[in-house]
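Quick notes on the structure that follows.
Lettering follows sequence order; numbering is per chain, from 1. Computed over heavy atoms, backbone and side chain alike; hydrogens, waters and symmetry mates excluded.
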Number of protein chains: 2
Amino acid sequence: MTRTLERRSGEVDPGLASQLRLSIRRLSRRLAIERDPRESLPVNAVAVLGLLHRRGEVALSELSAHERVQPPTMTRIVRCLEDADCVVRRPSPSDGRVTLVSLSPRGRDRLLLHRQLGDAWLSQRLAELAPEERDLLSRAAELLEALSHRD
Amino acid sequence: MTRTLERRSGEVDPGLASQLRLSIRRLSRRLAIERDPRESLPVNAVAVLGLLHRRGEVALSELSAHERVQPPTMTRIVRCLEDADCVVRRPSPSDGRVTLVSLSPRGRDRLLLHRQLGDAWLSQRLAELAPEERDLLSRAAELLEALSHRD
DNA sequence: TATTGTTATACTCTATAACTATA
DNA sequence: TATAGTTATAGAGTATAACAATA
């Protein structure tokens, strides 16, 4: 490590938030544009499949909290997944108000397919970077994910 | 530098694109949710103000290419900015088809205000990070911005 | 009464297609 | 003819408000 040029705590570069915010927004937009037209499911629906894959059976309210959408929006997403036979839904045995959602075998297949299609454009761009740059982005991705969940 | 553990070119971690893509998307969504209600202009309109601030007078077609929206969308954004007295618009003297757009003094004020409001949430989160983490994100932001503009 | 989820409705941002005006 | 921009229209994704069912 070279001599540090870092600011003391509290003295944060005022341009960083702007720069990061705009670059996040722009890449998010670009990713939406470069989405493969064969991807039949909405991005958010694929994200839900991913969550179900990791966590098993999850209550709808938990899905909506995790994806940070309102309950009616999650109802819509889950219905879309149900129509595509990607999830199954059942009332909680312990609380009849709760709807438990879980991945179907077909949903698992679709998740893998969509990941492949969805990652294609970005994978290609990442492959053109230097290995150090990919390492940097890998660590950055963890930080960004954590930031998203901060209160 | 320690001994490298990096992969050879072409051997890119297949999970990186997914991880980065999802974290970008999630943070973008969170930023949208945390937007200050006093921000009266759409995010994209503020981005246009920023571009005009850096570049001066710019043709509408160039704005739409840079923001990666279709021309009708940019027409709408520019009209919104014009209604708010943030930009002025005139036909190009050299080519009557072209509309040149530039920042008004009021637009400049609004840009500064919106940056402040728009960065507030993220600034606060960034301030809670370690200085090294902010450094990392600063470099990542440049990479992300560059990725957005790759063909 | 409070909570979970749904239905009904509306808003925001974007796109495509068809058109006008200028070159 | 080709290009820059606009108008008209539609679609995707989200939200709020009002409601039903369960606790």
For nucleotides 14-16 of chain C, which of its nitrogen or oxygen atoms have a protein nitrogen or oxygen under 3.5 Å away, and what is each distance?
residue: dT14(C); atom: OP1; partner: Asn44(B); partner atom: ND2; Å: 2.7
residue: dT14(C); atom: O3'; partner: Arg29(A); partner atom: NH2; Å: 3.1
residue: dA15(C); atom: OP1; partner: Arg29(A); partner atom: NH2; Å: 2.8
residue: dA15(C); atom: OP2; partner: Gln70(B); partner atom: N; Å: 3.0
residue: dA15(C); atom: OP2; partner: Thr73(B); partner atom: OG1; Å: 3.0

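- Test Arg26(A), Arg29(A), Arg30(A) against Glu67(B) for salt bridge (Lys or Arg N to Asp or Glu O under 4.0 Å) and you get one pass: Arg26(A).
- In this view, Asp95(B) and Arg97(B) satisfy the side chain to side chain donor-acceptor pair (under 3.5 Å) rule, not counting sequence neighbours.
- Across the protein-nucleic acid pair, Glu39(B) atom CD and dT12(C) atom P stand 15 Å apart, rounded to whole Å.
- Taking OG of Ser92(B) as the start and CD of Glu57(B) as the end, the distance is 8.5 Å to the nearest 0.5 Å.
- At the phosphate of dT20(C), neither OP1 nor OP2 sits under 4.0 Å from any side-chain N or O atom of Arg97(B).
- Nearer to the 5' terminus of DNA chain D, by closest-nucleotide assignment, is the contact made by Leu60(B) (compared with the other of Leu60(B) and Ser92(A)).
- Within the nucleic acid shown, Thr75(B) comes within 4.0 Å of at least one base atom, counting heavy atoms only.
- Between the side chains of Glu145(B) and His149(B), at least one donor N or O lies within less than 3.5 Å of an accepting N or O.
- Taken to the nearest 0.5 Å, the CD atom of Glu82(A) stands 11.0 Å off from the OG1 atom of Thr75(A).
- A straight line from CD of Glu62(A) to P of dG5(C) spans 10 Å, rounded to a whole angstrom.
- A side-chain donor-acceptor contact under 3.5 Å links Arg110(A) and Ser40(A).
- When DNA chain D is scanned 5' to 3' for any atom under 4.0 Å from a heavy atom of chain A, the first and last hits are dG13(D) to dA23(D).
- Within the model, atoms CG of Leu27(A) and CZ of Arg150(B) stand 12.0 Å from one another, a figure rounded to the nearest 0.5 Å.
- With hydrogens and angles disregarded, a donor-acceptor distance shorter than 3.5 Å links the side chain of Arg125(B) to the backbone of Trp121(B).
- Among the heavy atoms of the strands lying under 4.0 Å from Pro42(B) are primed sugar atoms or P, OP1, OP2 only; no base atom is included.
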